[in-house]
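Heads up, the thing below is written out as structure tokens.
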Number of protein chains: 2
Amino acid sequence: MAGNSQMPKTAKSRAGLQPRFGRKQAGNGRSQGDVMDDEIALDALAGHAGYAVRRFQIWIFQDFIRTLGAVDIRPTQYSVLTVIGANPGLSQMAVAKRLGIERARLVHLLDSLEQRELVSRLRSATDRRSHALHLTARGRTALAQFRRLAAEHERHVAEKIGKENRERLLQILSAFT
Amino acid sequence: MAGNSQMPKTAKSRAGLQPRFGRKQAGNGRSQGDVMDDEIALDALAGHAGYAVRRFQIWIFQDFIRTLGAVDIRPTQYSVLTVIGANPGLSQMAVAKRLGIERARLVHLLDSLEQRELVSRLRSATDRRSHALHLTARGRTALAQFRRLAAEHERHVAEKIGKENRERLLQILSAFT
DNA sequence: CAACAATTGTTGTCGTCAACAACAATCTTC
DNA sequence: GAAGATTGTTGTTGACGACAACAATTGTTG
């Protein structure tokens, strides 16, 4: 869950969903389908939380990916690093459960993170089935940088919906974290 | 955008993300990774809007899929039907742009919807490149039922986060619809 | 009006992600 | 110790977004 979100690899420049005006001044006779975007009624959709949340989530992930683009870290990777950083020694199962990621999926995520030498899988002394996850030294310093960029992303969010709204949002959704 | 969201085909019964207690009373000596979920710190993640939004979006889509499971309608399909129903005669381009779906993706969505005889693609009289999208009679009555189920889903959302919070959320995110 | 550019629907490819299923190695439990 | 559960792993399926290319059909412009 923390993961998902199929974002564009190439972050789109057009950040937004701002209403677009203009485009062919609304003439008299408009044929089928020839309607300006803004005029297209959403109908019941406008009252659906899921629709709004979905579009917001897309925007926010795109901005995250763009903002952390230079360091090539996606939201899921960031969430994994953060949890491991805050809880060294966790098993893959524990991380997966905490973040709502499938353990099958976490395998690949960790493969990549381990290849980049940000995370290391140590064999657990007490349970030889499981791995104890740790950040490498490199991972720790890298995460510090990621955090700064993530904070910048969070400022973008605040700019987009308003500082107070962002906090209200976090409060409303606190049960889901 | 309206689309995306890879949901489980088989809606999970456990709706939630409620904190789970218990599981092996926290003994004294806990080894690596042997930590109760609730104790695992999220650290910076807790302050990230994207993380909360993502988990909420997953919950909400799962509930939508489960609630509309009997009629086999997913969020994206519902959004397409709603927009076509509210704006008969729209071209595929117009629908795609309005919902933020790729037109390539909409092709498949409409193929499925047309096969189920909920939507029909009529050749536009004015632009022979494009299709004028309409709901079939069957589609209109079906959509009415979908709407009732979607309203039920929306009530689940209200139960989950609170009636007032849901409305506050819709207001905060209104710019994204 | 004819050449060129843009749009529309379509097909296909690639990459991300969630859900499952199966498996070997390793605990746990009875 | 045998049966059952858990952990990490691999592989498959399906929804989805991004892209690229294409034919058919406008539009635009010299």
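Note that these values count all heavy atoms, side chains included, but never hydrogens, waters or copies made by symmetry. We name chains A, B, ... by the order of the sequence lines, and we start the count at 1 in each one.
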Side-chain ion pair, B:Glu167 and B:Lys163, N-O less than 4.0 Å: yes
Please determine whether a side-chain nitrogen of the Lys or Arg among A:Arg155 and A:Glu159 lies less than 4.0 Å from a carboxylate oxygen of the Asp or Glu. no
To the nearest angstrom, how far is [X] atom [atom1] from [N] atom [atom2]?
{"X": "A:Leu113", "N": "D:dG8", "atom1": "CG", "atom2": "C1'", "value": "17 Å"}
{"X": "B:Arg105", "N": "D:dA18", "atom1": "CZ", "atom2": "C1'", "value": "13 Å"}
{"X": "B:Gln57", "N": "C:dC17", "atom1": "CD", "atom2": "P", "value": "13 Å"}
{"X": "A:Leu106", "N": "C:dT16", "atom1": "CG", "atom2": "P", "value": "16 Å"}
{"X": "A:Met93", "N": "C:dT26", "atom1": "CE", "atom2": "P", "value": "19 Å"}
{"X": "B:Glu114", "N": "C:dG9", "atom1": "CD", "atom2": "P", "value": "13 Å"}
{"X": "A:Arg121", "N": "D:dG8", "atom1": "CZ", "atom2": "C1'", "value": "8 Å"}
{"X": "A:Leu122", "N": "D:dG8", "atom1": "CG", "atom2": "C1'", "value": "15 Å"}

Which base, if any, makes a Watson-Crick or G-U wobble pair with D:dG27, both distances under 3.5 Å?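 Its partner is C:dC4.
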From CA spacing to verdict: side-chain contact (heavy atoms from CB on, under 4.5 Å), B:Leu68, B:Val71: CA-CA 6 Å; B:Leu68 296 240; B:Val71 294; 4.1 Å; yes
Please pick, from C:dT11, C:dC17, D:dA15, the nucleotide with the shortest atom-to-atom distance to any side-chain atom of B:Val107.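 For B:Val107, the side-chain atoms sit closest to C:dT11.
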Counting side-chain heavy atoms from CB outward, which of D:dT10, C:dT11, D:dG17 is closest to B:His108?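 Ranking D:dT10, C:dT11, D:dG17 by closest atom to the B:His108 side chain puts C:dT11 first.
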Report yes if the side chains of B:Met93 and B:Ser130 come closer than 4.5 Å at any heavy-atom pair, otherwise no. no
Counting just side-chain N and O atoms, does [X] come under 4.0 Å of either OP1 or OP2 of [N]?
{"X": "B:Arg74", "N": "D:dC16", "value": "yes"}
{"X": "B:Gln92", "N": "C:dT10", "value": "yes"}
{"X": "B:Thr76", "N": "D:dC16", "value": "yes"}
{"X": "A:Gln62", "N": "D:dG17", "value": "no"}

Please say which of A:Tyr78, A:Phe61, A:Phe64 ends up in a ring pair (Phe, Tyr, Trp, His ring centres under 6.0 Å) with A:His153. A:Phe64
Provide the full list of ring pair (Phe, Tyr, Trp, His ring centres under 6.0 Å) pairs with a residue in residues 81-129 of chain B, sequence neighbours left out, each pair given once. none
Return a single string for nucleotides 20-26 of chain D, one symbol per nucleotide in 5' to 3' order, where B is base contact, S is sugar-phosphate-only contact and - is none, cutoff 4.0 angstrom on heavy atoms. -B--BBS
Given B:Leu133, which of B:Val95, B:Val80, B:Leu113, B:Val83 fulfils the side chain to side chain contact (heavy atoms under 4.5 Å, CB included) condition? B:Val95
Between A:Leu109 and B:Leu110, which is nearer to the 5' end of DNA chain C once each is assigned its nearest nucleotide? B:Leu110
